[in-house]
2 protein chains.
Amino acid sequence: MMGQLDKELLQELLNVSDKELTPKQTQIVQAAIEIFSEKGFAAASTSEIAKRAGVAEGTIFRHYKTKKELLISIVLPVISNFAVPFLAEQFLNEIFEGEEFEEMDQFLRKVIYNRYEFFRKNTALLKILLQEMFYHSEIQDTFKQIYMEKIAPKYRNAMKRLLTKEQFESIPTETIFRLTISTILGYLLARFIIVPDYDWDDEREIEYTIQFIQNGIKGLK
Amino acid sequence: MMGQLDKELLQELLNVSDKELTPKQTQIVQAAIEIFSEKGFAAASTSEIAKRAGVAEGTIFRHYKTKKELLISIVLPVISNFAVPFLAEQFLNEIFEGEEFEEMDQFLRKVIYNRYEFFRKNTALLKILLQEMFYHSEIQDTFKQIYMEKIAPKYRNAMKRLLTKEQFESIPTETIFRLTISTILGYLLARFIIVPDYDWDDEREIEYTIQFIQNGIKGLK
DNA sequence: AATGTAAGTGAGTAATCACTCATTTTACAA
DNA sequence: TTGTAAAATGAGTGATTACTCACTTACATT
């Protein structure tokens, strides 16, 4: 189960604001991720987390004031990583270094394969995020802030390059963003969270998904 | 809050297998829908449900053996109604009575406007379904059964009419279904559950969504 | 080796949980 | 009006919950 967890993201989780975690604290975070993901936050008990972590229940509350604080410390960093294609300068630069021709194709392919790996490595964390975002305002607020400050402006810049002038001026980028993200997330959620046991032909599905988005956007007027 | 609930669906909920519900039982179901939707199943307490329903806590367990049985009795009928455009013969017949030209456009428009109303009237029920499907195998099993027995074959029939022969034979209908449903659900979930307070221009969004899907599919090869 | 500080422990606590059941209330046919 | 079965009640149950705290252990520094 934990073999699936992205080691880099875990590392980041475990070093919130330069603070080193003790070995037992690491065990607590790992156990919490597993159990929150399996049963949901509300149905997960601190006694079960302590048991799976191989730790006394009191140890959890040495490091986290409440069960909710433990959840938040796990989930908030995931949001930033979720949006990383729009945060990292380098990521978009690499796309625009290629030939002008078929830039949208490159953009989509790069984003989808990158986020595919992210979902594959962090399925448990993303399931927790997906579930709990509806019930915790801290998560919603962080999401909105990152969308407004980081994602939306960067995405708008990317679309200015990738769309025709008429399209960029007449169609709201929010709408194009919604259509694109729905299609990509629809694939990744189906692939890793809703029906992971289906016999997926990933390469084929991703190619169809890229074609679908590209032609879908191209035809908008 | 309950004013939003689809009266027909509620009626169906309240008459599971010809069984009439007592007035207090109706109040229990209504309160449970509200509270499950607000806090999630696991975080909802039977005492709070009883309080909001204006009923003694024991009354809940006169009608439902367990809290979970109450949830299941509420959620399972929603799945059938969720899939209704693909179940009702009449629905598809009306679409195919029109001109051959632009049949796909009619199909998408009819499905989207129909499901838009369904989401608008049953937001609370759909939020419960969305949340709890990941944790209760009864819900997952019912979903899979309805998809395999009802939705998939009917959708395949519809696509046989709406796609070119080459497309229908070369592209898996499951993939086309996934791409179409992702886009439609992406819109409806954003519209009613994720950011319902956004200032939505529904007619414009729906038109773009139809264009996007139609051109997206048309370009698949 | 001695000392100080941080980490870890686990029994204990009050609150809340889903659920039970003996009893009362209600609805309606006779 | 009376009899009766179904519906409703709410105090009570044991189990579980998140969280506390007095105490022990581990470990780095001198």
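Lettering of chains follows the sequences in order, A, B, ..., and the numbering in each one begins at 1.
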query: Is the Lys NZ or Arg CZ of Lys68(B) less than 6.0 Å from the centre of Phe41(B)'s six-membered ring, within 45° of the axis?
result: no
query: Can you name the salt bridge (charged side-chain N to carboxylate O under 4.0 Å, His left out) partners of Glu57(A), sequence neighbours left out?
result: none
task: Under 4.0 Å between any heavy atoms, over every strand shown, what does Thr22(B) touch: base, sugar-phosphate, or nothing? Just pick one.
output: sugar-phosphate
query: Under a 4.5 Å cut-off applied to non-hydrogen side-chain atoms, are Ser182(A) and Leu185(B) in contact?
result: no
message: What is the separation between atom CD on Glu48(A) and atom C1' on dA15(D), rounded to the nearest whole Å?
response: 16 Å
field: Pairing residues for Lys51(B) by the salt bridge (charged side-chain N to carboxylate O under 4.0 Å, His left out) criterion, not counting sequence neighbours
entry: none
statement: With a 4.0 Å cut-off (strictly under) to non-hydrogen atoms of chain B, the first and last hit nts on DNA chain C, 5' to 3', are dC17(C) to dA22(C)
task: Describe, in one word, how the ring planes of Tyr113(B) and Tyr116(B) are oriented to each other, choosing from parallel (under 30°), tilted (30 to 60°) and perpendicular (over 60°).
output: tilted
- prompt: What integer distance in Å separates Gln25(B):CD from dT9(D):C1'?
  reply: 16 Å
message: Quick check on the helix from dA1(C)-dT30(D) to dA30(C)-dT1(D): what's the angle between its two end axes, five base pairs per end, to the nearest 10°?
response: 10°
- prompt: For Arg115(B), which residues count as a salt bridge (charged side-chain N to carboxylate O under 4.0 Å, His left out) partner, sequence neighbours excluded?
  reply: none
- prompt: Rounded to whole angstroms, how far apart are NZ on Lys51(B) and C1' on dT9(D)?
  reply: 17 Å
Within 6.0 angstrom of Lys150(A) NZ, more than 12 heavy atoms from elsewhere: no
- request: Using atom types as modelled and distance alone, determine if a side-chain donor or acceptor of Lys24(A) lies under 3.5 Å from a backbone N or O of Ala56(A).
  value: no
Name the pairs: protein N/O against N/O of nucleotides 17-24 of chain D, kept only if under 3.5 Å.
unit_1: dA18(D); atom_1: OP1; unit_2: Ala44(A); atom_2: O; d: 3.0
unit_1: dA18(D); atom_1: OP1; unit_2: Lys67(A); atom_2: NZ; d: 3.1
unit_1: dA18(D); atom_1: OP2; unit_2: Thr46(A); atom_2: N; d: 2.9
unit_1: dA18(D); atom_1: OP2; unit_2: Thr46(A); atom_2: OG1; d: 3.0
unit_1: dC19(D); atom_1: OP2; unit_2: Lys67(A); atom_2: N; d: 2.6

- prompt: Is the Tyr147(A) ring parallel, tilted or perpendicular to the Phe177(A) ring (thresholds 30°, 60°)?
  reply: tilted
query: Is there a donor-acceptor pair closer than 3.5 Å between any side-chain N or O of Trp200(A) and the backbone N or O of Val195(A)?
result: yes
message: Can you measure Ile60(B) atom CD1 to dA7(D) atom P for me and round it to whole angstrom units?
response: 16 Å
message: Please verify the inter-ring angle class for Tyr155(B) with Phe107(B); under 30° counts as parallel, over 60° as perpendicular, anything in between as tilted.
response: tilted
